[in-house]
There are 2 protein chains.
Amino acid sequence: MNKANATSADVAQLAGVSQSTVSRSYDPNSRISKSTRQKVFAAAEKLHYQVNKAAQTMINKRSDLVGLVTAGLGDPFRSEFLNSLVLAVQEKGLRPMIIDVTDEQMLDQQLQTLLQYQLSGVIITSGTPSEAVANAFIARGTPVVLVNRADHSSEADIINFDNEAAGRLAAQEFVAAGKHKVMVVRSKVSSYSSVMRSNGFKGALLEPMRDSSIQVEERFCELGDYDSGIIFGKELIASGGMPDGIFFCMDYIACGFIDAIKHSGVYSIPRDVAIIGCDDITIARYQAYALTTIRQSAKEMASSAVSALQARLDHPSAPPIQQKIGAAVIFRHSFVPNH
Amino acid sequence: MNKANATSADVAQLAGVSQSTVSRSYDPNSRISKSTRQKVFAAAEKLHYQVNKAAQTMINKRSDLVGLVTAGLGDPFRSEFLNSLVLAVQEKGLRPMIIDVTDEQMLDQQLQTLLQYQLSGVIITSGTPSEAVANAFIARGTPVVLVNRADHSSEADIINFDNEAAGRLAAQEFVAAGKHKVMVVRSKVSSYSSVMRSNGFKGALLEPMRDSSIQVEERFCELGDYDSGIIFGKELIASGGMPDGIFFCMDYIACGFIDAIKHSGVYSIPRDVAIIGCDDITIARYQAYALTTIRQSAKEMASSAVSALQARLDHPSAPPIQQKIGAAVIFRHSFVPNH
DNA sequence: TATTTCTGTTCATACGTATGCACAGTTTAA
DNA sequence: TTAAACTGTGCATACGTATGAACAGAAATA
């Protein structure tokens, strides 16, 4: 059994036909008699024949491999998203190849070796330092899908969560709940998504038509992670001036903030300060956080991205697509609307 | 620029040498004059030449692709581990290809198509219904590394977290702290890891030499996730008989339990009941949980697995390796040792 | 019946790389 | 000085598949 794999030639010999007939048997549009096809399939089964993708790739110039470019999969939303991407890719009969470009030092080298594989397509997720990556693949004629990225220049298909709408929704909830002083918090390191969310939030509160008895302020924390949320919370408690509503551009930060508040014991959530996050990461629903948040559906984003790629493979010269994925409020304990 | 990739023949022509000379230029053990090599590299750079992996694979019978077989990457430990695996694989100049076999229905089909790629190796992680997967690859002569799996029969290399030691460590801590009545909790669905952890825990407490004034009981919850921990906690609170120490075979369950306890307000952690988890997932350190736990180093596991694979590639016929990765207690708030 | 269309198959070749073999030129050994 | 060893390069081929072209026979058309 520890033999080399059976080839189509082996199958051909066993079935008593030519190699080309074997190959054509697997093409549904080919003119092959039923009896011959049966013979071929029987022989193939007996030999456990599996097509050699490497050989196939040489001819098709396509490997059915899809590159999923990401900057780490440490944080929960990213890994959920990647999980959904993997499943969606698999469902289409393609194979996901992960490319982690966390280490920017290695980016160039990574990119070089990546071009060696004849990828069918590349899906680039947010946070990636990827202008270069995208361009390199587009130059080679490999389809590229950008997810949650600012880039507009390219010929790539683009899938974006409706970040502005997310911010707007949060703002509307605070207004409807009669809040007087609200804050929006994002990380100093400006990611496209966070900036748009913050803009959406501020924009909705600064609309000229609105009688603005509501006060809004933008604040920053160091990074977009849990620890930054803790630090931000401690500082805000110490400095005073706690608002009655805060919109965090990332759930992660919100969770850190909540822990800081609870630990201090000074304020109560949502009575003194109501909190809305964004993304709906897994732990947002945990009782310790019970975070009201704007959901970004990882599943929906992923399946849209893969569908876009599939469409591009089917129609390589179609005009680029640009698609927005809707936002929705998920109510939990950290903010409760007036009913 | 939207051209087909340059081939070694193109490089050869530009450099004024033969294709075989180009190929040999990239082999450090080949006899090539310095001047020729320089000419070749210069030409290659000018044409942005990158070797075609598909063609290379046909000759080498190796794609440098490593299959990472996993059952979903939803839960935090799994995704951390996968993250480490991806990085470790990339570091060796190999490429990670994810294979998610969550859907057992598709397993067979997945497996079939997988064999089409000439994978250099396969790393199979726990929870995978993978006896079949492993055997299929071994039969084809593809190296297989099993991580945290019970399988012993095969010719694969095996990397295991020292699950028994983890359980033992937890038990020893409870003994040293003078606990009287302890529990070990795992999911009904018996995974290899959980069973071994539980056995290690019970074994350490039932040693014949020990003067056993300590009472130990094993309990089960439905699944190995957060929600099961919540349910388990509620039931235990309702039924009474709260022990003074609980070892959870998975951090995940422990987090759910902690939330259930806090929500009920009846007991205090760690005063009434001390808690030790296992794995050290990301959120274990969050203030909401501050979980004392037995760390399973994802990084260490991953780099060991990849190193084992690398060794196997270098020496295909070496005897199978079996390696244990050590456990260590991480102290946080849910259990504080007497000092 | 002669011609055309259709069906089912085989032949031959291309994809891009690595490598055994042959060979010419150069250096070392005898 | 002649033989032997070594160095650097090119030629030819194999890897396994897909596909255009050719072709033989059957069926349909004129």
Side-chain angles (χ1 to χ4, degrees), chain A residues 3-41 43-44 47-65 112-113 115-120 140-141, chain B residues 3-41 43-44 47-65 112-113 115-120 140-141:
Chain A
K3 300 261 301 197
N5 306 354
T7 74
S8 59
D10 299 334
V11 175
Q13 188 173 12
L14 181 58
V17 297
S18 72
Q19 181 270 326
S20 52
T21 298
V22 173
S23 177
R24 275 188 238 274
S25 295
Y26 288 95
D27 176 1
N29 300 321
S30 213
R31 307 177 309 204
I32 292 280
S33 71
K34 277 197 177 178
S35 63
T36 303
R37 209 175 234 131
Q38 282 176 354
K39 270 192 303 182
V40 169
F41 286 169
L47 297 177
H48 297 102
Y49 169 71
Q50 288 296 138
V51 77
N52 183 323
K53 275 287 180 185
Q56 207 174 51
T57 299
M58 287 204 57
I59 298 186
N60 297 339
K61 317 270 189 188
R62 258 195 213 172
S63 60
D64 289 350
L65 247 40
Q112 294 308 316
T113 55
L115 293 168
Q116 301 174 349
Y117 294 86
Q118 320 293 304
L119 299 185
S120 287
R140 296 231 171 180
Chain B
K3 300 261 301 194
N5 307 354
T7 73
S8 59
D10 299 334
V11 175
Q13 189 174 10
L14 180 59
V17 298
S18 72
Q19 180 271 324
S20 53
T21 298
V22 173
S23 178
R24 274 188 245 272
S25 296
Y26 288 95
D27 176 1
N29 299 322
S30 214
R31 305 177 310 202
I32 291 281
S33 71
K34 277 196 176 178
S35 63
T36 303
R37 211 176 230 129
Q38 282 177 353
K39 270 192 304 181
V40 169
F41 286 170
L47 296 178
H48 297 102
Y49 169 71
Q50 289 295 139
V51 77
N52 184 323
K53 275 287 180 186
Q56 208 173 51
T57 300
M58 287 205 57
I59 298 186
N60 297 339
K61 317 270 188 189
R62 257 197 212 172
S63 61
D64 288 352
L65 247 40
Q112 293 308 316
T113 55
L115 293 168
Q116 302 174 348
Y117 294 86
Q118 319 294 304
L119 299 185
S120 286
R140 296 231 172 182

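Below, chains carry the letters A, B, ... as their sequence lines are ordered, and counting in each starts from 1.
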Distance, rounded to the nearest Å, where A:K61 contributes NZ and D:dT17 contributes P = 18 Å

Return the value, rounded to whole Å, for the distance between atom CD1 of B:I32 and atom C1' of D:dC6.
-> 15 Å

Walking DNA chain D from its 5' end, the first of B:A55 and B:G16 to be reached, judged by nearest nucleotide, is B:G16

Identify whether any heavy atom of A:T36 sits under 4.0 Å from a base atom; if not, whether one sits that close to sugar-phosphate; answer base, sugar-phosphate or nothing.
-> sugar-phosphate

In whole angstroms, the gap separating P of D:dT13 from CE of B:M58 amounts to 17 Å

To the nearest Å, how far apart are A:R62 CZ and C:dC15 C1'?
-> 16 Å

Have a look at B:V22 and say if it touches a base, only the backbone sugar-phosphate, or nothing, with a 4.0 Å heavy-atom cut-off.
-> nothing

Length of the CG-C1' vector between B:N52 and D:dC15, whole Å | 13 Å

Any N/O donor-acceptor pair, B:R24 side-chain to C:dT17 base, under 3.5 Å | no

Could you say whether B:K39 or B:I59 is positioned toward the 5' end of DNA chain D, judged by the nucleotide with the nearest heavy atom to each?
-> B:K39

Sugar-phosphate, base or nothing in reach of B:S33, heavy atoms under 4.0 Å = sugar-phosphate

Between C:dA18 and B:S20, is there an OP1 or OP2 to side-chain N/O distance shorter than 4.0 Å?
-> no

Whole-Å gap separating P (C:dT17) and CD (A:Q116) = 10 Å

For atom CD of B:Q19 and atom P of D:dA14, their distance in whole Å = 15 Å

So what is the end-to-end bend of the helix from C:dT3-D:dA28 to C:dA30-D:dT1, with 5 pairs used at each end and the value given to 10 degrees?
-> 40°

At under 4.0 Å between heavy atoms, what does B:V51 touch on the DNA or RNA strands: base, sugar-phosphate, or nothing?
-> sugar-phosphate

What is the nucleic acid contact for A:T21, judged by heavy atoms within less than 4.0 Å: base, sugar-phosphate only, or nothing?
-> base

Send over the distance from B:R31 CZ to C:dG25 P, rounded to a whole Å.
-> 16 Å

So what does A:T7 touch, heavy atoms closer than 4.0 Å: a base, only the sugar-phosphate, or nothing?
-> sugar-phosphate

Pick base, sugar-phosphate or nothing for A:Y26, based on heavy-atom distances below 4.0 Å to the nucleic acid.
-> nothing

